[in-house]
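First comes the structure, then the notes that go with it.
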Amino acid sequence: MKRASRSSDTVSWFAIRKPLPGERRLLLTVLSFVLPLALWCLVSYVPFIWHPDIKLTVAADREGVTTVYTAGDHVARSYFDEYANAVRRENEAVQAGEGTTRSGFSARRNNVKILRAVAPLAIEQGWISENQVTDNAAIFDVWEGLATGRLVSEKPELTPENLAIVQEDWQTLQAHWAEDPEHEMPSDPLLKLIPQGRLSNPVYLPEPHAVLLTGWKDWNAEPAEGRPSLPERYRHSLYIVFSGFFLAALAGVPIGILSGTYDFFSKLFEPFIDFFRYMPAPAFSTLLVAIFLAHDAPKIALVFVGTFFQLVLVVANTTRQLDYSLLEAAQTLGAKRLDLLRRVILPGITPSLYNDLRILLGWAWTWLVIAELIGVKSGLTEVIETQGRWRNFESVFPVIILIGLTGFFTDQLLANLRPLLFPWTPEAIGQKQGPLVRFYRWVTDQQVYVRDDKPTTSDPA
Amino acid sequence: MNNPIASWFRRAGLAALTLMVGAVASLSAKEPLKIAYSDWPGWVAWEIGIKKGWFEEEGVDVDFLWFDYVASMDAYVAGNVDAVCMTNGDALVTGATGKPSVGIILNDFSNGNDMVVAAPGIDSIQDLKGKKVGLEEGFVEHLMFLTALKKAGMNPSDVTIVNTPTNETPQVLASGAVDAIAAWQPNSGQALKTVAGSQPIFTSADAPGIIYDLLYVSPESLESRRDDWMKVTKVWYRIVDYLQDESNFDEALAILASRVSVDPAEYEPFFQGTYILSYDEAMERWQDASGLDSVYGSSRAVDAFNRSVGVYSERQDIQKYLDPSLTEALDQ
């Protein structure tokens, strides 16, 4: 076999329980991220694969219909023609002088809305800025430009049908303004632009570039007065997770170690904790709001409740895993009860404890979204929740990805720190170290320490 | 009496009590008024007063807390806030089952924003026979839906109610798990957009005056800090005056839309479904009369209704729930 013969000089890609060489591992790690991304791009950018919707670039209201679409909304392809035709029929009625009659503010407002239908397009073309949407003079300028051909929209193009409507409306406005030097809106209805758009996937699967751009924009956006910006929200979410986790560890680690060491504490605490951990933490949310009011405290408490009980049991179990012969050896050497705990058990379990806490930190993150929803919504979750409710998934995805990246990198960092913090553990000794670790080792001269076989645990009392 | 130890205890107890009362009094004097509000357009309008700094101008310290609607009432019942924005019907439910409150400001009535939105193919309430409807049980949309059934000559047993949080109704309708939902804007509008071809088959405009929106204050807070609530009332009518000036329309829309993180153009139709009452209009509806044109008449109708469908059993004293005296004292 080809594969077998090759494995004699180099390791096969599929060798059973054999680590691959470093460059192959790196390649596969990169691929594990690239593959899903490539799939996402494929579905997003190749139109004939899916694209069941039309994303509106120009939208229009319909008379007497409560459903209001704005540019950026998605409409099913099958429904789009019905929608566009409804607007066409209204225009025909207006041309025939049979349009819905309005008066006063409502009539003028209706026309203002018709004119502003070009705003999203004008923003995309860079003709006006985002806060000029309500600036009538700027909007008039765009209409004048489009009608005279001074401005030509590219990508998305204005359909010839819409271009004709722009010209006709502009003439109506000119005629009206000839008699009205104030440039007020006429009260007779103008023609509406016919909705147009481009093929797209459903709203819940935005394109990668849209996610990136929106994420970048949201991250740098100036928030409305008195509301937190995205970086502030991020910091707030980190604060909730780490506070809840820190408190849970502060209370849980001692109880866990005691329970793992003394049967007395184990029987005193563990049965109840084992019972309590099955109660889902979110079930306590209204109770927590009643006790801790509506701001940060109930959120931190929820992360605490969600983490603490698991933590105690895991830590107790880890403590029990410690090799009993170490305790016997220490006792033979004359260690007293407290010495055993302080100088054998604690140093003995610290590396495993570190690992436990790393995993439980991930556990704490999973409570974040539920925690931030209780009481007054806050942090990143508020963005996920409100933007999700408005189906602005382009703004939701970056936040979800941000949470994922934070968790991933925190975990990677902690995992990489482990051999530095606990160089005597078998995993650390067996592992090949990166240049940074080797440099650190060299600076701190820990090589000596490593060679010394289990220095802490064999340390006589 | 002459026992020195007992008398010492009594005196110490008295001193402690005085200290506690003093502490509570001084604390409550400094505390801002905590008001819970949620995403109903008539209540989001408070944002104008907040953004413009009118509360500071009137010299009242307020803390507006943003909640989901049902969560805001929970917070009120738990005593976390001094006041909450509720409909007149839900104030009765909250009062009968949790904590009573007094409505002092009549913001608006729902004029179409509350809707029963049905999936494509269902064109009337009658079509819902034997079908599933998603709504938040025991609250305002439930009341509206049962009213719709009654008007259509149907019984509550003709449909299956699926208890659904109002802010999740759009997704639930889209999932096909129910055939219709009842919700208010922005959720109802979202449902309409999410499910192409869906349409409102009944709205609050079909039963105007069935839903009034008010600011309900806890009786304790109203008694101890009446002056501050008076100032809040003043700010509300500044907001109403501001909204009535059409040149402010775009700015107002931007403030409201930003609170609920939505595009102003998208928010505009919600305003049409909310009839914000001017001072004079509000005073008319504060008159105690039968019929839905009066907030009293409306509340009585809702009370009778709630009892008939078993939301609670005891008749509520409507007079205790409504206090127009602050609005009256403003006398513009």
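Source: prediction; values computed, not measured. All chains are named by letter (A, B, ...) in the order of the sequence lines, taking the proteins before the strands, and each is independently numbered beginning at 1.
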Check: every donor-acceptor pair under 3.5 Å linking chain A and chain B:
residue, atom, partner, partner atom, Å
A:Val68, O, B:Lys193, NZ, 3.2
A:Thr70, OG1, B:Glu266, OE1, 3.3
A:Asp73, OD2, B:Lys193, NZ, 2.6
A:Arg108, NH2, B:Glu246, OE2, 2.7
A:Arg109, NE, B:Glu268, OE2, 2.7
A:Arg109, NH1, B:Asp250, OD1, 3.2
A:Arg109, NH2, B:Asp250, OD1, 3.1
A:Arg109, NH2, B:Glu268, OE1, 2.9
A:Arg116, NH1, B:Asp250, OD1, 2.9
A:Arg116, NH2, B:Asp250, OD1, 3.4
A:Arg116, NH2, B:Asp250, OD2, 2.6
A:Val289, O, B:Asn80, ND2, 3.1
A:Lys377, NZ, B:Asp68, OD1, 3.0
A:Lys377, NZ, B:Asp68, OD2, 3.1
A:Arg389, NH1, B:Asp39, OD2, 3.3
A:Arg389, NH2, B:Asp68, OD1, 3.2
A:Trp390, NE1, B:Val260, O, 2.8

Heavy-atom distances under 4.5 Å only: say whether [X] touches chain A with side chain, backbone, both or neither.
{"X": "B:Pro200", "value": "side chain"}
{"X": "B:Ala265", "value": "both"}
{"X": "B:Ile255", "value": "neither"}
{"X": "B:Val260", "value": "both"}

- request: For atom CH2 of A:Trp216, decide whether the heavy atoms of other residues, nucleotides or ligands shown that lie under 6.0 angstrom number more than 12.
  value: no
- line: Residue set satisfying ring-ring contact (aromatic ring centres under 6.0 Å, His included) with A:Phe284, at least two apart, ordered chain then number -> A:Phe276
